[in-house]
There are 2 protein chains.
Amino acid sequence: MTEEHDHFHTEGCLGISRVLARIGDKWSVLIVMLLADGPRRFNEMKRMIDGISQRMLTLTLRGLERDGLVSRTVFPSIPPRVDYELTPLGHSLREPVMALGQWAQANLVGIAEAQAEFDRRSADAAAEPPLQRAAGMR
Amino acid sequence: MTEEHDHFHTEGCLGISRVLARIGDKWSVLIVMLLADGPRRFNEMKRMIDGISQRMLTLTLRGLERDGLVSRTVFPSIPPRVDYELTPLGHSLREPVMALGQWAQANLVGIAEAQAEFDRRSADAAAEPPLQRAAGMR
DNA sequence: CGGGATCCACTCTGATACTG
DNA sequence: CAGTATCAGAGTGGATCCCG
């Protein structure tokens, strides 16, 4: 069942990769956080996120629904109405995600600084001649 | 700077997408967890993870180094030796990641069950005729 | 040993058009 | 309104070869 291409101490973090594969995409977390306030309709969510295409909203909601994080309720009315809502499991995911978000905000500047310095040093390294002039290239 | 294609309550979760874009890839978390035990050499890590290609190991380490999560130390010996180590920032990331991992493990079965039922219902839906037989479904 | 460079396969995402 | 279907482009990851 569980493929073990990583054979160190898998016990501690086998599920992380799984979870990250699901919520690590571009929209899942945004949708979960959006649904945290309560049920939403399809186009309502589309408008609120609006960088998202209807395709990705559909696909992401399907994935979340498949994993039991989101429930889908169809009202057979005219016009049709479909509500998406966080399941208890989906709500429970909010806590660790929020923790990650708090870490992110707490360290945003630190990361930005590290990036800036890394890029600066990379630029420096690229600026100096790539050839060895140690032998006295005349 | 910060593009706002999501205009709901961005304050609460703007950094999450950033962080997920970094650690949400296939190997970053694995590497961070691996380095949690202490410094490791390049090929040593490659052997321990072993599903990974040298390319992705290099790329992932570069990304982590750029964000200040991992430090790279070169020993100019023969053969060359390079150690990778978690920075304090990298170590601090372990906590929220572990929280996510614990959530994952706590809910692995629930997710698997949800997936199984979803797939089962999808199969059912695909099996029955795609045309409406509503006129006679009493 | 620790990479860099290149090529290729696959996936993910978005844009567009059509359906019930 | 709430999707589905198809296509095209970008991005991601792997395999291979090469270099210091």
Side-chain angles (χ1 to χ4, degrees), chain A residues 5-6 17 20-31 39-66 70-85 122 125-126 128-135, chain B residues 3 5-6 17 20-31 39-66 70-85 122 125-126 129-135:
Chain A
H5 21 249
D6 52 336
S17 299
L20 253 46
R22 162 108 310 285
I23 68 164
D25 62 38
K26 199 172 180 180
W27 305 109
S28 290
V29 167
L30 251 31
I31 290 178
R40 296 286 184 184
R41 301 178 58 174
F42 186 87
N43 276 348
E44 187 181 6
M45 300 176 67
K46 188 174 184 312
R47 274 190 300 273
M48 292 178 83
I49 306 187
D50 103 344
I52 199 172
S53 61
Q54 83 292 29
R55 172 187 160 83
M56 288 319 297
L57 183 53
T58 299
L59 285 176
T60 307
L61 285 170
R62 281 251 189 282
L64 293 172
E65 185 192 358
R66 190 177 109 95
V70 163
S71 66
R72 178 175 180 270
T73 308
V74 180
F75 300 90
S77 57
I78 297 178
R81 174 192 178 113
V82 179
D83 273 18
Y84 291 92
E85 188 176 6
S122 297
E128 62 187 69
L131 298 174
Q132 75 290 14
R133 50 194 199 105
Chain B
E3 61 287 355
H5 22 251
D6 53 334
S17 298
L20 254 45
R22 163 106 309 287
I23 68 165
D25 63 38
K26 198 170 178 181
W27 305 110
S28 289
V29 166
L30 251 32
I31 291 180
R40 297 287 184 183
R41 299 180 56 175
F42 186 87
N43 276 347
E44 187 181 5
M45 300 176 66
K46 187 174 184 315
R47 274 189 301 273
M48 294 177 81
I49 306 186
D50 103 346
I52 198 172
S53 63
Q54 82 293 31
R55 171 189 159 83
M56 288 320 297
L57 183 54
T58 301
L59 256 49
T60 307
L61 285 170
R62 280 256 187 280
L64 293 173
E65 185 192 359
R66 190 176 110 94
V70 164
S71 67
R72 179 175 180 267
T73 309
V74 180
F75 300 90
S77 58
I78 297 178
R81 174 194 179 112
V82 180
D83 274 16
Y84 292 91
E85 188 176 6
S122 297
L131 296 177
Q132 74 292 11
R133 46 186 208 112

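So you know, we letter chains A, B, ... as the sequences are listed, proteins then strands, and number each from 1.
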Minimum heavy-atom distance [X]-[Y], with the two atoms named:
X        : Y        : result
Leu57(A) : Phe42(A) : CD2-O, 3.5 Å
Trp27(A) : Asp25(A) : N-OD1, 3.0 Å
Arg41(B) : Pro80(B) : NH2-O, 3.7 Å
Ile23(B) : Leu20(A) : O-CD2, 3.3 Å

Nearest to the [X] side chain among [options], which nucleotide is it?
X        : options                 : answer
Phe42(B) : dG2(C), dT13(C), dA2(D) : dG2(C)
Pro80(B) : dT13(C), dG4(C), dG2(C) : dG2(C)
Asn43(A) : dT4(D), dG4(C), dC1(D)  : dC1(D)
Arg72(A) : dG14(C), dA2(D), dC1(C) : dA2(D)
Val82(A) : dG14(D), dG3(D), dC1(D) : dG3(D)
Met56(B) : dG3(C), dC1(C), dG13(D) : dG13(D)

**Prompt:** Would Arg40(B) and Asp83(B) count as a side-chain contact (heavy atoms from CB on, under 4.5 Å) if you check the C-alpha gap in whole Å, the side-chain angles of each, and the deciding distance to 0.1 Å?
**Reply:** CA-CA 5 Å; Arg40(B) 297 287 184 183; Asp83(B) 274 16; over 6 Å; no
Considering just the side-chain nitrogens and oxygens of [X], establish if one lies under 4.0 Å of OP1 or OP2 belonging to [N].
X        : N      : result
Arg81(A) : dA2(D) : no
Lys46(A) : dG3(D) : no
Tyr84(A) : dG3(D) : yes

Between [X] ([atom1]) and [N] ([atom2]), how many Å, whole number?
X        : N       : atom1 : atom2 : answer
Ile52(B) : dA15(D) : CD1   : C1'   : 14 Å
Arg47(A) : dA2(D)  : CZ    : C1'   : 12 Å
Leu59(B) : dA5(C)  : CG    : P     : 11 Å
Asp25(A) : dT13(C) : CG    : C1'   : 11 Å
Gln54(A) : dC12(C) : CD    : C1'   : 15 Å
Ile49(B) : dG14(D) : CD1   : C1'   : 15 Å
Lys26(A) : dT12(D) : NZ    : C1'   : 14 Å
Asp83(B) : dG3(C)  : CG    : P     : 10 Å

**Prompt:** Looking only at N and O atoms, is any donor in the side chain of Arg55(B) or the base of dT12(D) less than 3.5 Å from an acceptor on the other one?
**Reply:** no
